[in-house]
Amino acid sequence: MLGNLTSVWVLLLCLTLGSQLTDVAAAPLCTNAPARCRILALANLFDRVIQHSARMHGISNGLHSELEQYFLPSRNHIGKVSRNCHTSTLLTPNGKENAQRMAREELTEVILKLLVAWKDPLWHFHQITAHQHDLANFSLDKTLEMSNMVHELRKGVEKVAEKMQTLGIISNSVSSLSSLEDILPSESAEWRLMNNHELLYCFRRDSDKIQNYLKILKCRIVPEYGC
Amino acid sequence: MRNVLKWTCLLLLVGTPHAEGHSPPGKPTLTSCRSPEKETFTCWWQPGTDGGLPTTYALYYRKENSDAVYQCPDYVTAGENSCFFNKNDTSIWVNYNITVVATNRLGSTFSDPVDIDVVYIVQPNPPENVSLTIMQDKGWPFLRVAWQPPRKADTRSGWITLIYEIGIRMEHENEWETHVAGQQKLFNIFSLRSGGAYLVQVRCKPDHGFWSEWSSASRIRFPDYFHREKSTWIVITVFCFFIFLIVTWLLHVNSHRSVKHCLLPPVPGPKIKGFDQQLLKNGKSEAIFSALVVSDFPPRSSSNYEDLLVEYLEVYVPEEQQVILEESKELHSSCFKSESSTSDSDSGRGSCDSHTLLIDKGGQSKENEDRPVRTEDQVEAEDWEEEGSDAKEDMGGVDVPSGGRVKTWPSVFTSPSDQQISREHCLSDSMIMITEGVLGPDPSEFSLSATKPAVAQLCKPVKSRSDINISTFVHKPWSVDSDGVRPVTEDTTAFLQPFLLQERDYSKVKRVGADNTLLLQRLADVADVDDCEDQTISTGIDLKTTPVCMDSIMPGQEATSAYVDTAAIFPMPTH
């Protein structure tokens with residue numbers, strides 16, 4: 001009896017650990033199979049990453065509307081603070097043509113840069129909501145989930161990029177993780193200037209950008225799988 | 001004076017435009033901005049009052065994080081009071097701050113500014129090329145709806161993602177039934193009514209945006225497939241047939257009595273003594289009926305009497321009371337009637353329904369012992385008479401109960417020689433005739449077992465209806481030597497005076513002897529007697545035996561309970 005219980009617990013522990021470790025990466029379906037199988041695997045990867053980003057955007061949307069509803073009742077107050085998102089310095093395509101004109105590698109890099117840029121601010125935001133009592137009811141678990149998702153989505157996109165590189169779809173010019181962090185000043189305090197409302201507004205927009213870019217990328221690379 | 005003139009002139013100057021109806025324009029309002037494909041967008045406004053003068057409208061916008069103010073590039077394409085932003089002027093994920101200005105000769109009025117982001121104002125055009133086809137799925141038809149996304153929305157490049165919704169209704173209905181189709185471009189609808197005419201329409205929505213307008217409804221008529229529905233009936237009948245088979249098989253297999261008896265209780269066969277089914281099958285009626293005649297009926301052998309008889313008391317009644325006794329007899333015979341009607345009950349109980357009959361007719365007797373009871377007596381006597389006449393006739397028709405359980409009454413009636421036996425029974429059983437009143441404080445004196453037959457066997461006086469002033473007997477203590485009851489000894493039988501039984505006077509009439517002897521038995525315990533004492537609350541007329549008393553009466557019990565079957569059996573031969 002006790003032995004069975006411990007084995008069950010061990011199994012559960014292994015499963016949870018395993019799931020955490022291999023979140024977005026696809027299981028090697030066909031390593032030595034023909035190219036079509038590899039393409040299929042890539043399409044699956046894309047689908048999962050897009051689903052992940054859609055979920056992240058959904059959470060951020062909900063949080064933003066919640067904040068607007070409870071903390072900013074007057075929507076039409078004149079003199080709204082212009083929203084200076086800290087990611088506005090990043091060069092992101094603001095239209096369809098611009099996005100389609102961009103190279104795949106560039107687009108992948110843009111996605112990764114966005115994800116890297118939001119890692120710290122979201123974690124900080126979660127810490128703030130955890131400690132501020134007036135925001136205590138403000139979906140603390142959602143903020144934590146959001147910051148975790150950014151982290152996991154970044155790893156997922158990196159996996160996709162690796163896969164594309166191995167398949168020869170994109171060149172190897174995509175910067176790795178460490179170099180990306182070097183590019184972006186980690187000590188940049190720009191995001192600290194944003195208040196909670198601005199932060200959420202900016203993140204909602206940026207998560208929508210990420211999702212859209214991923215969809216464009218997928219329909220460009222593997223168009224026959226659900227575009 | 002001059003001041004007054006100045007003021008009047010000023011007033012006139014100010015007041016003149018109002019008088020003529022000219023004024024600066026009213027405030028316009030931006031009603032909505034919409035983008036059909038997330039690449040261009042249009043804004044519409046509602047003009048205010050024009051102030052009676054020709055008014056022009058201009059739209060100015062500012063982009064996010066830029067102070068440059070631009071004017072609307074296109075006022076024409078989208079119609080009146082609108083501004084169209086083409087692809088070059090549209091930036092997604094950028095905040096636009098838009099204001100409309102109304103200007104006339106007298107001034108200009110600014111509208112309230114509106115902030116928009118093109119991503120959140122997308123409302124696509126309705127889906128196009130909605131096609132309806134009837135498809136067959138193994139003989140069952142269904143409807144397939146297919147459509148194309150709106151032309152302008154670029155879903156192929158992944159720029160915009162649309163989800164679709166289908167509405168369907170029958171032609172004569174008003175309510176639309178909606179189905180969400182997700183991102184797919186075809187949808188199957190099942191379970192439509194055969195021969196029905198349907199209208200179908202489709203609409204779409206981007207991830208975050210507004211629902212498009214419904215496409216124009218397409219009409220289709222579903223084909224008839226009545227003949228298909230017969231198959232369902234066939235399936236149902238086959239299913240029922242199989243269930244029936246299974247049930248019968250279960251019944252057959254489960255030979256356990258409980259299940260079988262639960263579902264199909266066995267029909268009881270005839271239990272007539274001498275009834276032969278084989279004879280019946282053979283169809284020989286004479287043989288059947290002759291077989292039914294039981295040769296040994298009425299039973300004569302004394303060996304059966306043990307089974308047939310229940311304990312009883314034998315009471316001898318003197319001649320002068322013959323008439324009354326006869327009356328009582330009739331009453332008792334009526335008791336037989338009621339007795340026989342409940343033929344399946346153990347006659348040991350002797351629960352004479354006549355008790356209740358008596359009571360019902362005579363009314364509830366009071367607890368008051370002093371109450372004169374004569375009238376009741378008379379009433380009851382009459383009742384007895386009535387019942388007796390009925391019962392007499394029925395007596396002849398009493399059948400031998402099945403299973404050899406012969407009632408006490410009939411057997412007693414038909415065997416005059418029973419007196420002897422009854423006497424024996426009277427002696428052997430602890431039969432005590434006791435009346436509560438008689439016994440007085442110590443009924444235990446009389447409630448003895450067979451160890452003291454001489455004393456114990458007091459037979460209880462039969463409750464007889466008489467005109468005698470009973471009340472005089474109510475309190476009269478019993479004594480062995482009193483008139484009426486004598487202890488039953490081996491040689492004698494007790495003589496019974498028509499005493500009215502005292503309250504709680506009751507005894508069980510065990511047997512009717514040949515010459516007006518009534519054998520009464522008292523069967524209760526002392527405790528039971530007490531119970532009976534507590535519960536019977538009347539004068540001797542009330543013969544209602546309480547259930548406790550009745551239940552305690554068991555043939556063969558040492559305990560003595562006393563109740564009188566007022567069907568005090570008066571022997572038949574006297575009739």
Side-chain angles (χ1 to χ4, degrees), chain A residues 46-47 50-51 53-55 57-58 60-62 64-65 75-90 92-101 107 114 198 201-227, chain B residues 27 29-30 35-41 61-69 85-99 110-122 124 149 152-163 182-186 206-209:
Chain A
F46 261 116
D47 280 338
I50 288 167
Q51 270 179 8
S53 68
R55 181 163 163 73
H57 176 71
S60 69
N61 203 10
H64 176 260
S65 50
R75 285 191 67 105
N76 290 329
H77 62 87
I78 301 164
K80 255 188 210 170
V81 180
S82 64
R83 293 174 179 89
N84 280 317
C85 296
H86 69 292
T87 50
S88 52
T89 53
L90 288 173
T92 56
N94 285 337
K96 190 178 89 170
E97 285 79 13
N98 293 344
Q100 283 177 333
R101 226 178 285 143
L107 200 54
L114 279 169
E198 283 173 348
Y201 181 88
C202 291
F203 181 64
R204 181 174 75 144
R205 177 199 290 175
D206 282 346
S207 59
D208 190 43
K209 275 190 191 175
I210 290 163
Q211 188 184 0
N212 221 337
Y213 295 155
L214 281 170
K215 281 181 187 171
I216 290 169
L217 205 58
K218 181 206 168 185
C219 287
R220 203 195 292 183
I221 290 168
V222 281
E224 58 272 12
Y225 294 99
C227 276
Chain B
K27 192 173 174 184
T29 48
L30 276 161
S35 166
E37 77 288 82
K38 212 160 87 174
E39 294 167 43
T40 65
F41 71 103
Y61 67 93
R62 256 176 5 110
K63 279 191 176 180
E64 181 180 322
N65 301 330
S66 163
D67 293 329
V69 177
F85 293 81
N86 61 12
K87 285 186 189 179
N88 298 329
D89 298 322
T90 308
S91 304
I92 316 297
W93 298 300
V94 169
N95 214 20
Y96 279 77
N97 190 304
I98 297 170
T99 318
F110 284 77
S111 71
D112 290 332
V114 165
D115 283 318
I116 58 157
D117 193 333
V118 180
V119 177
Y120 303 113
I121 57 162
V122 181
K152 286 194 206 168
D154 187 2
T155 52
R156 294 208 57 220
S157 65
W159 177 242
I160 192 168
T161 313
L162 295 172
I163 55 172
Q183 291 180 26
Q184 61 201 30
K185 295 185 193 60
L186 60 85
D207 307 345
H208 6 271

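Numbers restart at 1 for each chain; the letters A, B, ... are given by sequence-line order, proteins then strands. This one's a predicted model, so the numbers in the text were calculated from it and none came from an experiment.
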Sorted by chain and residue number, the side chain to side chain contact (heavy atoms under 4.5 Å, CB included) partners of B:Ser111 (sequence neighbours excluded) come out as B:Pro28, B:Thr99, B:Val100
Checking heavy-atom separations under 4.5 Å from chain B, one finds in residues 215-226 of chain A A:Lys215, A:Ile216, A:Cys219
Under 4.5 Å to a heavy atom of chain B? For A:Asp206 that would be neither
Applying side chain to side chain contact (heavy atoms under 4.5 Å, CB included) to B:Asp154 and B:Arg156, what does each step give before you reach the verdict?
CA-CA 6 Å; B:Asp154 187 2; B:Arg156 294 208 57 220; 4.0 Å; yes
Donor-acceptor pair, distance only, cut-off 3.5 Å: does the side chain of [X] make one with the backbone of [Y]?
{"X": "B:Glu37", "Y": "B:Thr40", "value": "yes"}
{"X": "B:Arg62", "Y": "B:Ser66", "value": "yes"}
{"X": "B:Lys38", "Y": "B:Trp159", "value": "yes"}
{"X": "B:Tyr96", "Y": "B:Val118", "value": "no"}

Side chain / backbone / both / neither for [X] at chain A, heavy atoms under 4.5 Å:
{"X": "B:Val119", "result": "side chain"}
{"X": "B:Ser157", "result": "both"}
{"X": "B:Asp207", "result": "side chain"}

The reported gap from CD1 in B:Ile92 to CG in B:Asp117 (rounded to nearest 0.5 angstrom) is 8.0 Å
Parallel under 30°, tilted from 30 to 60°, perpendicular over 60°: which one fits the rings of B:His208 and A:His57?
tilted
